[in-house]
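Keep in mind the model is a prediction, meaning the values are calculated, not measured. Start at 1 with the first residue, then count along the sequence.
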Amino acid sequence: MDTDQLLVVLVLALTFAFFVWGRWRYDAVALLALLALVLVDIVPGDAAFAGFGHPAVVTVAGVLVVSRGLQNSGAVDLLARWLTSAGSSPTRQIAATSGVAAGLSAFINNVGALAVLMPTAIRLARHAGNSPSSVLMPLAFASLLGGLVTLVGTPPNIVIATFRSDVSGEAFAMFDFAPVGLGVALAGLAFIALVGWRLIPQREVDSDGSLFEISDYLFELRIPDGSSAHGQSIAELGAASDAEFVVAAIVRNERRLALPSSFETLRAGDVLVVEASGEALDVLVAEAGLEVAGSHESALSELGSGDVVVAEAVVMPDSPLRARTVVDVDLRRRHHINLLAISRRGRQSRSRLGETPLEVGDVLLLQANRGELPAALERLSCLPLAERGLSVGRRERRALLAVSIFGGALLMAAALRLLPIQVAIAGAAAVMGLVGLLSPKEIYESIDWKVIVLLGAMIPVGGALEETGLAADIAGALVAVSGDLPTWTTIALVLVIAMFLSDLVNNTAAAVLMAPIALGVASRLAASPDPFLMAVAVGASAAFLTPIGHQSNLLVMGPGGYRFGDYWRLGLPLEVVITAVAVPLILLVWPP
């Protein structure tokens with residue numbers, strides 16, 4: 001191993017370690033890896049950012065924009081409405097919701113499909129008296145399985161297609177992935193619906209399915225004559241106290257004021273509905289001279305009344321709340337929302353809410369004005385765990401328009417081959433913007449820039465594997481491990497290694513790193529590269545062992561009440577099923 005190869009190994013080892021550590025964003029880690037290779041003169045400086053103009057990057061960005069346009073049109077919501085007849089049987093609910101999720105994910109962003117269907121799945125489970133944990137992990141896994149079916153279903157497929165273009169001059173087409181991907185998806189869905197969901201630990205839920213039990217933290221406090229709270233605003237009372245609390249409502253002369261302004265002036269005789277821990281309550285009562293005035297039950301009834309509602313919402317991957325506290329974003333003053341509680345990995349957090357940095361997948365219990373809540377949640381990129389209402393007439397026309405635009409792009413690229421896929425998808429995104437399905441702001445917001453930076457940075461890093469000969473050396477080692485065994489064992493080995501990588505790092509990064517190695521293996525065996533690239537495509541999208549393997553897995557962790565170690569219970573046997581089905585299909589459709 002020469003010096004350049006050693007440097008690439010060192011950079012990749014550190015990159016992999018930081019990916020697994022997870023404290024730094026994976027796009028930042030990938031960019032640092034690229035810069036490191038530029039500094040040691042392995043990646044030429046003038047080609048350092050060529051990856052950002054790569055067709056795979058343009059296609060991924062376009063697919064994300066088109067996915068948002070389809071969601072805005074109501075096409076996905078109308079499809080989700082069909083799930084209301086799924087019945088109460090867990091098997092039927094899982095089969096229905098997972099089947100729709102897989103179908104949607106074949107054409108739109110996995111996380112987008114999951115986000116639209118998750119509230120419906122939770123509602124179905126709760127109404128049937130089932131735990132949401134029984135349906136949410138299958139739903140997330142189904143969104144990954146559906147992505148295997150088409151070129152635009154998942155970024156790894158787009159990456160693999162462009163690697164094939166570099167080798168043979170022709171990329172995989174839109175539905176070249178379907179013969180293998182559809183078979184794997186159907187087998188995976190059947191396993192999940194019939195057997196797999198029974199392997200998931202079932203989280204016990206209350207009769208209403210709530211993740212929260214806050215009644216023990218709600219108190220009614222009266223402001224007596226002589227209290228220092230008299231004449232203060234709510235904000236001034238909070239600033240003067242060492243206790244952390246939320247004033248959720250005020251009862252004044254038999255009039256209820258839910259979600260009062262921070263500038264509301266308090267008066268003697270007011271009864272405050274306060275959400276706080278027992279310790280914080282003692283401090284507040286002592287400092288302000290307040291009196292405990294009512295039971296938990298009566299306080300609970302004051303949280304949502306009139307135009308004020310209490311709702312649950314999930315922190316999405318692109319939320320500005322991620323890694324920030326509610327104090328940092330000034331949630332109460334800027335967005336008119338009270339944070340009442342946080343559920344993380346199925347457990348309600350009782351640490352100081354104002355000092356708790358929020359994470360992707362956290363479920364927040366929020367109090368807000370009914371009319372203001374939807375817009376606020378959209379600004380905060382939080383997913384409400386309740387179905388959205390639909391205005392059917394206009395939505396159906398917009399849905400038809402959006403599907404026609406997307407279908408036309410696929411027709412020109414996949415069937416007629418008049419345009420490269422990246423041009424067709426970018427054109428569809430532009431047309432959706434021109435006809436009003438997307439605002440200019442939404443176009444930019446719909447692109448997951450972390451994925452774009454990751455892919456643009458990792459493409460040159462993956463190229464360094466080939467340029468230094470490291471990919472060929474690793475491929476030789478894999479061939480040596482396989483020895484004189486049949487070719488299918490090497491294909492299976494490539495698939496399993498890609499699976500392992502995708503369980504620990506971003507699936508796009510796994511595809512970029514494994515594709516050059518797969519090509520090297522094919523070259524060593526003097527075989528067609530197609531089956532080995534297909535093995536990488538399947539393996540890179542089969543991230544089922546951990547919640548960090550894919551954003552979909554992480555997104556259901558909080559609402560489902562899952563722990564880190566719950567995923568392998570369903571994920572491991574599912575990966576065995578996928579491997580057992582994928583390898584024969586690859587050999588049949590793409591013989592070496």
Heavy-atom side-chain contact between M458 and L34 under 4.5 Å: no

Between CE on residue M137 and OG on residue S98, distance to nearest 0.5 Å: 12.0 Å

Any L148 side-chain heavy atom under 4.5 Å of F177 side chain: no

Spacing of H54 atom NE2 and T162 atom OG1 [to the nearest 0.5 Å]: 4.0 Å

Min side-chain heavy-atom separation F406-V403 under 4.5 Å: no

Spacing of T508 atom OG1 and L455 atom CG [to the nearest 0.5 Å]: 6.0 Å

Residue pair I122 / P559, side-chain heavy-atom distance below 4.5 Å: yes

Proximity of Y567 and F544 rings by center, below 6.0 Å: no

E467 atom CD: more than 12 heavy-atom contacts under 6.0 Å: no

Point-to-point distance, once rounded to the nearest 0.5 Å, from CZ of F141 to CD1 of I578: 9.0 Å

Test applied, side-chain contact (heavy atoms from CB on, under 4.5 Å); reference residue, N110; option that passes from L144, L145, N507: L144

S482 side chain to L485 backbone, donor-acceptor under 3.5 Å: no

Side chain to side chain, Y562 and L136, heavy atoms closer than 4.5 Å: yes

Side chain proximity check, S134 to I200, heavy atoms < 4.5 angstrom: no

Nearest-0.5 Å distance, OG of residue S552 to CG of residue L139: 8.5 Å

Interatomic distance, L545 atom CG to L574 atom CG [nearest 0.5 angstrom]: 9.0 Å

